[in-house]
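Comments concern the structure below.
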Amino acid sequence: MKDTKSWILDAAAMLFTQNGYNGTTTRAIAELAGVSESTFFRIYKSKDALLTDLLYIMTPGPEDIPMKEMTNGSDIEKDFELFLYYNAILHIRHLPVFRLAMHLDEVYDMSRFSKIKGLVSQMAGYFRHLQEIGFLIEFDYESLAEHINALSMVKASEFITGEIYGVPMEQSVRAFSKQYAEFFAILLTAKDM
């Protein structure tokens with residue numbers, strides 16, 4: 001069951017995306033969350049404090065990739081597919097708040113990028129592990145993980161736009177993940193193309 005803070009965060013994310021930061025009042029956030037404005041201010045001292053918290057929470061991090069689904073190298077293509085899929089889904093979910101943050105220099109907290117760096121490092125570490133146990137060729141896995149993260153972020157915008165025009169987002173994300181996973185698996189395991 002969601003707690004009051006979660007209701008406030010969800011309401012704020014929705015209203016900030018629809019009305020912009022400046023076009024959203026604390027009263028509107030409280031009303032949509034189903035709480036009083038005094039309850040809002042008991043949890044958050046200001047709308048800026050709420051936004052800072054929201055941006056941090058909505059920034060993808062290593063905890064958002066279900067590592068238990070990884071095959072530990074027994075199916076490298078599936079492992080790449082999972083990283084690509086979850087990375088794209090995370091960016092799709094968080095893109096509206098990222099866009100909002102980019103317009104608000106005063107709350108654009110660079111410390112949030114430590115979570116994204118953690119996500120990239122987690123991927124790179126996993127790929128290095130596979131290389132150490134002989135499944136992948138030697139490669140700059142930090143750069144590969146950054147590439148996957150950037151590629152997923154760019155594609156996320158395309159998937160969101162595609163859904164507006166009737167192309168199911170889930171179908172697009174799965175096709176993208178499968179295609180690029182196959183490419184990376186062939187490239188990094190030195191299989192014949």
Side-chain angles (χ1 to χ4, degrees), residues 2 5-25 28-29 32-33 47-48 50-67 69-70 77-124 126 143-185:
K2 284 169 56 168
K5 185 175 180 179
S6 297
W7 285 109
I8 291 171
L9 288 166
D10 288 350
M14 184 182 301
L15 291 171
F16 289 163
T17 302
Q18 289 174 353
N19 306 328
Y21 179 76
N22 292 329
T24 301
T25 64
I29 295 168
L32 185 58
K47 190 168 68 167
D48 284 352
L50 164 68
L51 182 61
T52 299
D53 195 22
L54 180 66
L55 293 173
Y56 184 79
I57 288 167
M58 295 201 68
T59 301
E63 67 280 0
D64 295 313
I65 301 286
M67 293 301 289
E69 293 183 30
M70 296 295 168
E77 194 171 318
K78 180 181 178 191
D79 291 347
F80 273 101
E81 192 172 339
L82 287 168
F83 271 121
L84 287 159
Y85 174 80
Y86 283 112
N87 210 278
I89 292 295
L90 290 170
H91 285 299
I92 287 166
R93 287 185 189 143
H94 301 109
L95 233 93
V97 176
F98 280 148
R99 286 186 178 139
L100 171 66
M102 290 179 191
H103 296 289
L104 298 168
D105 292 335
E106 67 273 10
V107 295
Y108 196 60
D109 181 4
M110 295 301 285
S111 69
R112 288 182 303 106
F113 287 99
S114 65
K115 283 183 75 177
I116 295 173
K117 181 83 174 131
L119 181 70
V120 169
S121 293
Q122 176 190 51
M123 269 191 272
Y126 183 77
S143 292
L144 174 62
E146 287 178 8
H147 174 73
I148 288 172
N149 187 61
L151 176 65
S152 297
M153 189 152 143
V154 169
K155 296 300 276 183
S157 292
E158 291 177 24
F159 302 145
I160 291 168
T161 303
E163 186 143 282
I164 292 168
Y165 293 102
V167 179
M169 193 177 332
E170 178 70 21
Q171 179 182 340
S172 297
V173 173
R174 293 231 180 254
F176 153 77
S177 302
K178 186 163 185 53
Q179 178 184 2
Y180 278 88
E182 183 179 353
F183 169 76
F184 286 126

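Predicted model, so just to flag it, every value in this text is computed and none were measured. Numbers here simply count residues along the sequence, with the first being 1.
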side-chain contact (heavy atoms from CB on, under 4.5 Å) between S152 and F176: does it pass, once the steps are laid out?
CA-CA 9 Å; S152 297; F176 153 77; 4.1 Å; yes
Tightest non-hydrogen contact, residues N87 and N149, listed as OD1-OD1, 3.2 Å
How far does CG of L84 sit from CE of M123, to the nearest 0.5 angstrom?
8.0 Å
Spell out, as yes or no, whether a donor-acceptor pair under 3.5 Å connects the side chain of E163 to the backbone of M169.
yes
Sorted by first residue and then second, give each salt bridge (Lys or Arg N to Asp or Glu O under 4.0 Å) pair with at least one member in residues 6-24; sequence neighbours left out.
K2-D10
Please determine if K155 and E158 form a salt bridge, counting it only when a charged side-chain N lies under 4.0 Å from a carboxylate O.
yes
Nearest non-hydrogen partners of A33 and A11, listed with the distance:
N-CB, 3.8 Å
May I ask you to test the E170-Y85 pair for a side-chain heavy-atom distance under 4.5 Å?
yes
If the condition is side-chain hydrogen bond (donor to acceptor under 3.5 Å, both in side chains), which residues does K47 pass it with, not counting sequence neighbours?
none
Keeping the roles fixed (side chain from T24, backbone from L15), state whether a donor-acceptor pair exists under 3.5 Å.
yes
Could you pull out the closest heavy-atom pair between A145 and V120, with the gap in Å?
CB-O, 3.3 Å
I'd like to check M70 versus I65 (side-chain heavy atoms, cut-off strictly below 4.5 Å). Are they in contact?
yes
Pairing residues for F83 by the ring pair (Phe, Tyr, Trp, His ring centres under 6.0 Å) criterion, not counting sequence neighbours:
Y126, F127
Partner set under side chain to side chain contact (heavy atoms under 4.5 Å, CB included) for E182, not counting sequence neighbours
E77, I186
I'd like to check the side-chain hydrogen bond (donor to acceptor under 3.5 Å, both in side chains) partners of S121; sequence neighbours left out, ordered by chain and number.
none
State the CZ-OG1 distance between F159 and T161, to the nearest 0.5 angstrom.
10.5 Å
Rounding to 0.5 Å, atoms OH (Y86) and CD (E81) come to a distance of 10.5 Å
Classify the ring geometry between H147 and F184 as parallel (under 30°), tilted (30 to 60°) or perpendicular (over 60°).
perpendicular
F80 and I148: CA distance, side-chain angles, deciding distance, side-chain contact (heavy atoms from CB on, under 4.5 Å) verdict
CA-CA 9 Å; F80 273 101; I148 288 172; 4.2 Å; yes
According to the salt bridge (Lys or Arg N to Asp or Glu O under 4.0 Å) rule, which pairs have a member within residues 52-62, sequence neighbours left out?
K5-D53
